[in-house]
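This report concerns only the one structure given below.
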Amino acid sequence: MIRKIKGTMDIFPDEAALFRKIEGVMREEAEKYGYGEIRTPTFESTELFVRGVGDTTDVVQKEMYTFADREEDRSISLRPEGTASVVRAIIENGKCSDPMPLKFYYIISCFRHEKPQAGRSREFFQFGTEMFGSESPAADATAIALAASVLRRLGLTNVKLHLNSIGCKNCRPDYRRALVDYFSSKRECLCENCRARLDKNPLRLLDCKNPDDAKLAASAPRTIDYLCGDCKNSFDQLCRSLDAMGIPYVIDPKIVRGLDYYTGAVFEFIAEGIGAQSTVCGGGRYDGLVESLGGPALSGIGFGMGITRLILAMRELGIAEPQIRRPVLYIAALGEAAQIKAMAIVERLRREGKYAECDIVGRSLKAQMKYANKIGARYTLILGDSEIESGKAPLRNMEDSSQTEVEIDSFEI
Ligand code: ATP
Ligand code: MG
C-alpha cells in the first residue's frame with residue numbers, strides 16, 4: 001500500500017468544488033481590481049529563492065524542497081512562495097518598462113518542508129497578488145482592499161486586518177539597533193534559533209512562535225516608533241485611505257512577516273477560532289526586491305492568501321458547505337434498446353449544457369431508482385421496450401413525486 005507523502009492532501013470532488021468556488025471569487029475580485037493572471041513554473045533555480053526570499057529565513061534555510069537537476073549541474077527548488085518567480089518573470093520578459101502599475105495574480109501550490117498540522121501542510125494552495133511600480137500608499141490600500149473584498153465575499157466575518165509598518169532602508173538601521181540592544185540583555189532567555197537570529201536577522205525575533213520568546217517580543221521596541229518622516233506619512237495616508245474605503249483594521253506592532261523582502265507597510269488577516277495557524281493572508285510592501293533580483297528599482301506590494309486556512313475559517317463559521325452537484329435528470333432504462341436510447345437522450349441534454357445521467361453499470365431497474373435518489377436527481381425518466389415503441393415515457397419530479405408523460409426524443413428539461 002503506497003501512501004501519500006506526509007503533509008500533502010487528496011481533494012475529492014465535493015471539496016474540490018468548494019476550492020473552485022473560492023478560487024472563482026478570487027479571480028473575479030482580482031480582475032475587478034485590474035489584476036491579470038500570471039502563470040510561472042512550479043520549480044525554479046534555487047538561487048532565485050535564496051536571493052529573493054532571503055538566505056537567513058526559515059523558508060530558505062530549512063523548508064525548501066531542493067534537488068539537483070538531472071542534466072545540468074545546478075540546484076532546483078520547488079517554489080515555497082510566489083513572489084520571487086513573478087519578479088523574475090517580469091524582469092526576464094522585459095515587463096519593467098511597461099506602463100505602471102503592473103498587477104498580477106496567481107492561484108498556485110507552494111511547497112515547504114514544515115511540521116504538518118491543522119492549517120499547515122507541505123504542499124499548500126495560495127492565492128497571491130503582486131503590484132509593481134507604485135510607491136504611493138494608494139497602491140498598498142488597493143492590495144489590502146482586494147484581499148478584504150475576497151474575504152468579505154466569502155463571508156469571513158471572523159477575520160481581522162492587522163496592520164504595521166516595518167520602515168525602509170533609512171529607518172531600519174536605527175530600529176535594528178534598538179532591537180538588538182533590547183534582546184541582547186535577554187540573550188540567555190532566548191531559544192537557540194533566536195540567538196542565531198539576533199546576529200543575523202534580528203527582525204525575525206519578533207516572529208518567533210516559541211511562547212517564551214513571544215512574551216519577550218511583546219515588550220520589544222516597536223517599528224512604528226522608529227519610522228522616518230516618509231514612512232510615517234505613507235503609513236498615515238494608508239490608514240486614512242482604509243478609513244475612507246470602509247476597511248476596518250487594528251495597528252499591530254507584532255506583524256513583521258517571515259520573509260526578508262518586506263519594507264514599509266505589512267499586514268496580516270487573522271481568523272479567530274481556527275487554532276494556532278490563524279493567519280489566512282499575509283503581505284506587504286517589498287520595494288527592494290526587483291532591484292535585488294537584477295531588475296530596475298521598481299517598488300512592489302503583494303500578499304499571499306492560504307486557501308486551506310480560509311476553508312478552516314469558513315468551517316468555523318459553518319459556511320464551508322460541500323458543493324454537491326445534482327443531475328437534473330436520471331434515466332432508468334430496462335433492456336438493451338432502452339439503454340441505447342437513454343445514452344442518446346443524456347448526450348442530447350449534455351450538449352445543451354445540462355448534467356444528466358443514466359445507468360452505465362448494469363443495475364436492475366429497482367437499483368437504478370435507488371441510485372437516482374441517492375445522487376439527488378431532480379427528475380427521472382423510466383424507459384422500457386414499450387416506451388421505446390410508443391415514443392413516450394413518464395417523467396417523474398423526484399421532489400413532489402408528480403409525473404407527466406413526455407415525448408422521449410424532444411422533451412425539454
Ligand atoms: P505562517 O504564519 O504560517 O508562518 P508565513 O508568514 O510563512 O505563514 P507566507 O509566506 O506569507 O506565510 O504565505 C502566505 C499565506 O500562505 C499565509 O498567510 C498562510 O495563509 C499560507 N501558508 C503559509 N505556509 C503555509 C503552510 N505550510 N500550509 C498552509 N498554508 C500556508
Ligand atoms: Mg511560515
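One-based numbering, in listed order, for ligands and for the atoms of each.
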Heteroatom distance test (Val280, ligand 1): nitrogen or oxygen, under 3.5 angstrom: yes

Side chain Thr263, main chain Asp287, donor-acceptor under 3.5 Å: yes

Residue from Thr380, Ile408, Leu381, Ile331 passing side-chain contact (heavy atoms from CB on, under 4.5 Å) with Leu395: Leu381

Heavy atom of Glu81, distance to ligand 1 below 4.0 Å: no

Ionic contact status for Glu135 with Arg285, cut-off 4.0 Å: no

Location of contacts on Arg257 toward ligand 1, heavy atoms closer than 4.0 Å: side chain

Stepwise side-chain contact (heavy atoms from CB on, under 4.5 Å) check, Lys32 with Ser149: CA-CA 10 Å; Lys32 273 197 254 171; Ser149 86; over 6 Å; no

Geometric cation-pi criterion, Arg348 with Phe411: 6.0 Å, 45°: yes

Numbered atoms and elements of ligand 1 in range of Gly119, under 4.0 angstrom, heavy atoms: 28 (N), 29 (C), 30 (N)

Contact with ligand 1 for Thr308, non-hydrogen, under 4.0 angstrom: no

Flag for Thr83-Glu130: side-chain donor and acceptor within less than 3.5 Å: yes

Under 3.5 Å: N/O of Met305 near N/O of ligand 1: no

Heteroatom distance test (Tyr262, ligand 1): nitrogen or oxygen, under 3.5 angstrom: no

Ligand 1-proximal atoms of Gln126, by part, heavy-atom distance under 4.0 Å: side chain

Heavy-atom proximity to atom 1 (P) of ligand 1, best of Gln277, Glu123, Arg120: Arg120

Side-chain donor-acceptor pair present, Glu29, Tyr35, cut-off under 3.5 Å: no

Atom indices of ligand 1 within 4.0 angstrom of Gly282 heavy atoms, with elements: 18 (O)

